[in-house]
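Quick notes on the structure that follows.
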Protein chains: 2
Amino acid sequence: MKGIRRLAQHLDISIGTVSRALNGKPDVNEETRKRVLEAAAELGYVPNQSGRSLRQGTTNIIGFMIQTGTEITGQGDIFFMSVFDGVQAVFARHKLDLVALLCSSQEDPSDYLRRVVARGFADGLILSATQRNDSRIEFLAERNIPFVTLGRSLTDAGQPWLDLDFEGMAQAAIDRLVARGHRRIAVTRPHDDVNLGYIFVDRCREALAAHGLPLEENLIFRSTPNEAGGYQIARDLLALDKPPTAIVLINETIAIGFYQALSEAGVKPGRDIAVIGRYSPHAHFLSPPLTCFRLSLRDLGIALAETLLSAMPAFKDHYPDAPANKVWPMELVEGESDTFRVSRR
Amino acid sequence: MKGIRRLAQHLDISIGTVSRALNGKPDVNEETRKRVLEAAAELGYVPNQSGRSLRQGTTNIIGFMIQTGTEITGQGDIFFMSVFDGVQAVFARHKLDLVALLCSSQEDPSDYLRRVVARGFADGLILSATQRNDSRIEFLAERNIPFVTLGRSLTDAGQPWLDLDFEGMAQAAIDRLVARGHRRIAVTRPHDDVNLGYIFVDRCREALAAHGLPLEENLIFRSTPNEAGGYQIARDLLALDKPPTAIVLINETIAIGFYQALSEAGVKPGRDIAVIGRYSPHAHFLSPPLTCFRLSLRDLGIALAETLLSAMPAFKDHYPDAPANKVWPMELVEGESDTFRVSRR
DNA sequence: CATAGTTCCGTAAACGTTTACGGTAGCCAG
DNA sequence: CTGGCTACCGTAAACGTTTACGGAACTATG
């Protein structure tokens, strides 16, 4: 005899009463409920997840899908760990558990979803590393599986999404650099599948145009979102006949490699070139400290969770005014990497 | 009508045959199997996970438990993403899925296990951030849930474990530095709960003793395993009356902050002090490049998976000679941060 | 032709829960 | 005493699978 039956037998009451007692249902004497809870603790009983979700049609699990093995966004684990923490803070209130669904770099993300999610593994999903065209979105929308994406996509099934405010960052960075006299400003972008590259570069172009300046095509640097990519960018940049006087880095970790390549060439950020980047724990420990855009990842996680829950019928009424779409603002952290000014002539 | 019944009705055969056909059981005509598979693809049928695991008593899911919100090990996401990738490479062969179980920093890890794992959520577990005394180990051992830990623990229930070879690193680093004339060598360690600190420091002490040298207590630096921790260490170190001439850093990211604090004081690694650390993608992009110990995280993941499977009855015979315990060797990557020599006098 | 063996398939039980439903006992009002 | 209400509890069905078992239809063997 196992499970709830064992508990019921031990207490000499029916399994129905045991179940009701454990789940806080009303139709049970407070005295017996107390006995049940005590016995459950004593015997170490925990309800079987499969039995429960089979009956209820719900798993109380939310999946956060991330890809392993590759670096798509260059957002390190610090990034995810912080976001996770915010998400969990919300889910804990509803007895939901968060797990990270790890899609191997060997497997197509949509196949992965079909394999694991379509079997009723999770009640809802958070998608990260959203692609510019993302078939996962259609897949989930067709099946009516609640989800929210971290990152906008051209694929639009009316899904909720949150994203970082790359437009705001582009606008603020360009305005700031132009105000300091820069006229030839470089920007970086990740590879073609990543939507934020388009969003960011387009807005940089607009912001420059508003000042009557062009975004020169050879000043748009494409790279992998890691240290080596930043290193390569700096090398390419310095090899130009007429290098730019300022640059905006879109990824976090590329700053490290970028600084190093500059250093090897005797070029110093803030003195010889203006650099603006993204915050990461190391940003403050570069020489000079990186001027960068930061946001609260924990708060972002909280917002992700609330937006997802507002898309789930069972929790919708708890979050009446959670935004379905939102760009998350970033704040500027002043460093000394962008103090280089260009005088008008 | 839903699920397998719908499929069976559509094909006008029994659900038993459908199930056998889908699961590759022998007692089914190849012709009908073909029809079933086609119909399943057409109707988009995927078996329900709860129903299946309720019946089989197995979930085909392996959990990799990590803690969110806090930085315990200072191993970034790059660390986990790479390990995950190796683990998945093995699991894919057995149709096992890997998910990361995210334990909030707000919750006790053992309570977490009780809540989610004890309900039959996963068939096996990989534990990371193993503590010096870790109650999770007892909990899992009592319940006969197969698991392997990444990191040794004093808590010994005969569980399999893998760990990085901190002894080998300590020995090689100390020998190398002593050979270059250093006699006052500092080491770092994480906070008290983390076992590797004891392992590492103890071996450093032994290695020094073999050369007739002491490990001075005030040259053991304790810090958080992040950039800020490294910064603080360097500040404390430079403030000493008689700073050491060499240091071995046990965490990956502390090197960045350490370098920065040195730089601010005009002290240069390789020229004024010898530094040896741990590999991370940024190690090569520091100035000068960090001499560090590296290992293949993907291979480590593969070994973790194989060791876990060899502890699971259902897969034991596939991995007859997977080691139950192993320290994973690290290789030295030569940089220029440890070229500083001290002449005997 | 009888028997045994093989191949394939259908039936039904089982996994561990939750929950709709009905029933009993006690109480109170008429 | 009757009827209705409340409080509590037991029964059994249901969730979607897998699989042991048995049986039907053939084939092969003697």
Side-chain angles (χ1 to χ4, degrees), chain A residues 1-37 39-40 43-61 95 115-123 143 314, chain B residues 1-37 39-40 43-61 95 115-123 143 314:
Chain A
M1 189 77 68
K2 284 169 51 183
I4 202 173
R5 288 208 158 69
R6 171 156 147 64
L7 199 54
Q9 175 178 298
H10 180 258
L11 288 163
D12 199 31
I13 58 179
S14 80
I15 61 170
T17 304
V18 174
S19 175
R20 280 189 296 265
L22 291 173
N23 293 356
K25 292 297 166 67
D27 268 13
V28 48
N29 188 305
E30 280 309 318
E31 171 63 24
T32 49
R33 186 193 303 277
K34 187 154 157 287
R35 285 179 54 219
V36 170
L37 290 175
L43 300 187
Y45 168 78
V46 289
N48 177 283
Q49 177 73 28
S50 302
R52 166 184 290 225
S53 32
L54 179 58
R55 171 62 217 234
Q56 305 198 122
T58 179
T59 62
N60 288 342
I61 291 172
K95 301 203 180 305
R115 222 159 41 74
V116 13
V117 176
R119 20 185 86 185
F121 180 84
D123 293 344
R143 312 215 161 210
Chain B
M1 189 78 67
K2 284 169 50 182
I4 202 174
R5 290 207 156 69
R6 171 157 147 65
L7 199 55
Q9 174 176 299
H10 179 257
L11 288 163
D12 197 31
I13 57 180
S14 79
I15 61 169
T17 305
V18 173
S19 175
R20 280 189 296 266
L22 290 173
N23 292 357
K25 293 296 166 67
D27 269 15
V28 49
N29 187 305
E30 279 309 318
E31 171 64 23
T32 49
R33 186 193 302 278
K34 189 154 155 286
R35 284 179 54 218
V36 170
L37 291 177
L43 300 187
Y45 169 77
V46 290
N48 177 283
Q49 178 72 29
S50 303
R52 167 183 290 224
S53 27
L54 179 58
R55 171 61 217 236
Q56 303 197 125
T58 178
T59 63
N60 287 341
I61 291 172
K95 301 203 179 305
R115 222 159 41 75
V116 12
V117 176
R119 21 184 89 184
F121 180 85
D123 293 344
R143 313 217 160 209

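First the proteins, then the strands, lettered A, B, ... as listed; each starts at 1.
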Taking donor-acceptor contacts at under 3.5 Å, does the side chain of [X] reach the base of [N]?
X: B/R52; N: D/dT17; answer: no
X: A/R20; N: D/dG10; answer: yes
X: B/R55; N: D/dT17; answer: no

Checklist entry - Looking only at atom types and distance, does a side-chain atom of A/Q49 sit under 3.5 Å from a main-chain N or O of A/T59, one as donor and one as acceptor? => result yes
Can you tell me how far the [atom1] atom of [X] sits from the [atom2] atom of [Y], to the nearest 0.5 Å?
X: B/K25; Y: B/T17; atom1: NZ; atom2: OG1; value: 12.5 Å
X: A/S14; Y: A/Q9; atom1: OG; atom2: CD; value: 13.0 Å
X: B/I15; Y: B/R20; atom1: CD1; atom2: CZ; value: 10.0 Å

Respond yes when some side-chain nitrogen or oxygen of [X] is under 4.0 Å from OP1 or OP2 of [N], and no when none is.
X: B/N23; N: D/dT18; answer: yes
X: B/N29; N: C/dC8; answer: yes
X: A/S50; N: C/dC15; answer: no
X: A/T32; N: D/dC9; answer: yes
X: B/S14; N: C/dC9; answer: no
X: B/S19; N: D/dT18; answer: yes
X: B/K25; N: D/dT18; answer: no

Value in whole Å for how far the [atom2] atom of [N] lies from [atom1] of [X]:
X: A/Y45; N: C/dG16; atom1: OH; atom2: C1'; value: 7 Å
X: B/L7; N: D/dT17; atom1: CG; atom2: C1'; value: 13 Å
X: A/R5; N: C/dT18; atom1: CZ; atom2: P; value: 12 Å
X: B/L54; N: D/dT19; atom1: CG; atom2: P; value: 12 Å
X: A/R6; N: C/dC15; atom1: CZ; atom2: P; value: 16 Å
X: A/R119; N: D/dT17; atom1: CZ; atom2: P; value: 10 Å
X: A/I4; N: C/dC15; atom1: CD1; atom2: C1'; value: 14 Å
X: A/N48; N: D/dG16; atom1: CG; atom2: P; value: 16 Å

Checklist entry - Taking for each residue the nucleotide of DNA chain D bearing the nearest heavy atom, is the 5' side occupied by A/V28 or by A/I15? => result A/V28
Item to check | Pair A/E30 + A/R33, salt bridge at N-O below 4.0 Å | outcome: yes
Next on the checklist: Taking any heavy-atom pair under 4.0 Å as a contact, classify B/G57: base, sugar-phosphate, or nothing.
Outcome noted: nothing
Checklist entry - Just wondering, are more than 12 heavy atoms of other shown residues or ligands nearer than 6.0 Å to CZ in B/R115? => result yes
Checklist outcome for this item: Closest to the side chain of B/I13, out of D/dG10, D/dG16, C/dG10, is C/dG10
Checklist entry - Which one, C/dG16, D/dC8, D/dG16, comes nearest to the side chain of A/D27? => result D/dC8
